[in-house]
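Worksheet for the structure shown next.
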Amino acid sequence: MKLRYLNILKEKLGREPTFVELQAFSVMWSEHCGYSHTKKYIRRLPKTGFEGNAGVVNLDDYYSVAFKIESHNHPSAIEPYNGAATGVGGIIRDVLAMGARPTVIFDSLHMSRIIDGIIEGIADYGNSIGVPTVGGELRISPLYAHNPLVNVLAAGIVRNTMLVDSKASKPGQVIVIFGGATGRDGIHGASFASEDLTGDKATKLSIQVGDPFAEKMLIEAFLEMVEEGLVEGAQDLGAGGVLSATSELVAKGNLGAIVHLDRVPLREPDMEPWEILISESQERMAVVTSPQKANRILEIARKHLLFGDVVAEVIEEPVYRVMYRDDLVMEVPVQFLANAPEEDIVEYKPGKIPEFERIEFNDVNAREVFEQYDHMVGTDTVVPPGFGAAVMRIKRDGGYSLVTHSRADLALQDTYWGTFIAVLESVRKTLSVGAEPIAITNCVNYGDPDVDPVGLSAMMTALKDACEFSGVPVASGNASLYNTYRGNPIPPTLVVGMLGKVNPQKVAKPKPSKVFAVGWNDFDLEREKELWKAIRKLSEEGAFVLSSSRLLTKTHVETFREYGLKIEVKLPEVKPAHQMVLVFSEKTPVVDVPVREIGTLSR
């Protein structure tokens, strides 16, 4: 815990904190849980939807999409397989906690090389729980040699009438914790994720261990509870474990809690109370319900071979009281615990768009990675991985698109404009599959905000300004700071996850055609919306549109080959930031932007 925060803690308590309080506040006030450096920036963002563990955005009068992106960067650097796998498990539970059935996984990976453990962790976990991984991005550069970025996006479908809130609503409710049993893995995982990778918590003891088969049972058990009307509020037990889940549930409802640690099902003997409190063992959920419904919840949990018990009571007094057997372990004001100190905003005024230099990421064939993922489970994948945005159908009616995108190569040179352009390019990719962008989830991957607060301000200001420019608001997000090694930071890397609304029956597929370069080979903000208008028109007319910062990659070429197609083109030269897309059409596009025929797509 920072010395300044420690002094705030002492002042507010009016005394020296106990050992357990120090453990608890170091978790809850860590950057990973407390968002101290980003909360004030986040409040400035244009928002949309119903916000809880994940953001929820209406698709129509019947269905909504719950979606969110999360980071598991620090754990994946220390223990690639479990770090990446538990990142998938955690974001799945965030979506699940909204009452949604998880339907899709996306990832955004930035690494110095393809790290097999990370790929296998994502593949094994996603494939085992039966949720398709349908796309993402793979950026290979020595800039991420010590700090790989593992950002995972998950989405799920929920009926509008079945949405679950993420708070307790009245005294007398109880909190049931169910799922896997609790062990010592992941203790101080949140604190570890909030410091330089050479910090004293950077060991495998801080890494959670995943069990995808328990997660699958957890998904089915929780959705059965929701269908029976048993769930009155829910929270994933992720960072901070029992402590974070129970305190946040009651804090959001302006209530308090009495937590009984001796009731938490354990899988390791002789665990200390404070270890039970902050363990980040995976595959666990906290459910708020009435006492009369608690037994039925536990019955369902046991039916699915899961552990569970009533662990807390919701009280009117706004305190967080922790008991172990008959001993008082900790008692503090709940709002004080749940609301970390907030750092002040640094105002940022952007300059002119620079002449970007080309900083190359390795052009790798991402099919070698995503072919390890099962993208067809559930049979709802309309556009397979390899071309950018994925399109998913909803069996009743309608569909949605998703894409993850970043431009760290630009942000390394100008954090503001690199971030801004990443949002604009996400809009292009969404429009290219015939979808209309409706919301953003984002992951702010950054170095040390204490050393360079201006860069963080540039990134957050750019996100706000780009959302306002594009008219696409933010539904959810995540911040991963202190991505440094021996004080050396990663490039500022904002990963955009964009959700679109689309009719799957009207999505164009690649077929033999002429290939056209449409747009400009450089960047001018004033004409961006002209390009969007052209992409919309071409998509509506049935043209297949490919939008990429590189125009065409090895992955695109290999994916065309999977379709039985061969692409032969003479690509125009483009600047690192450009406004050009490739259009595949039998006839010359008629749009109000430059058009040039550059080749063919043939059998």
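Environment of CD in Glu573: sparse, with no more than 12 heavy atoms of neighbouring residues, nucleotides or ligands closer than 6.0 Å. By the 6.0 Å contact criterion, CD on Glu355 is open, its count of non-hydrogen atoms from other residues, nucleotides or ligands being 12 or less. Applying the 6.0 Å contact sphere to NZ of Lys566 captures no more than 12 heavy atoms from other residues, nucleotides or ligands. At most 12 non-hydrogen atoms from other residues, nucleotides or ligands lie less than 6.0 angstrom from CD of Glu357.
Side-chain contact annotation: Glu425 with Ser549, donor-acceptor N/O pair under 3.5 Å absent. Side-chain contact check for His556 and Thr553: at least one donor-acceptor pair (N or O, by modelled atom type) lies under 3.5 Å. For the 3.5 Å distance criterion, the side chains of Ser166 and Gln235 fail to qualify, holding no donor opposite an acceptor. No side-chain N or O of Thr415 forms a donor-acceptor pair with one of Tyr446 less than 3.5 Å apart.
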Next item on the list: Could you check Tyr144 against Asn483 for side chain to side chain donor-acceptor pair (under 3.5 Å), going step by step and ending with a plain yes or no?
Entry: CA-CA 10 Å; Tyr144 300 92; Asn483 289 287; over 6 Å; no
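Residue pairs meeting the ring pair (Phe, Tyr, Trp, His ring centres under 6.0 Å) criterion with at least one partner in residues 490-524, sequence neighbours excluded, do not occur; the list is empty. For residues 588-600, there are no salt bridge (charged side-chain N to carboxylate O under 4.0 Å, His left out) pairs, not counting sequence neighbours.
Taking the salt bridge (Lys or Arg N to Asp or Glu O under 4.0 Å) definition, one finds that Lys537 meets it with Glu541, sequence neighbours left out.
Residues Val131 and Thr103 are not in side-chain contact: their nearest non-hydrogen atoms beyond the backbone lie 4.5 Å or more apart. With a 4.5 Å cut-off on side-chain heavy atoms, Glu528 and Gln579 count as touching.
By the 6.0 Å and 45° rule, Lys511 does not stack over the aromatic ring of Tyr563.
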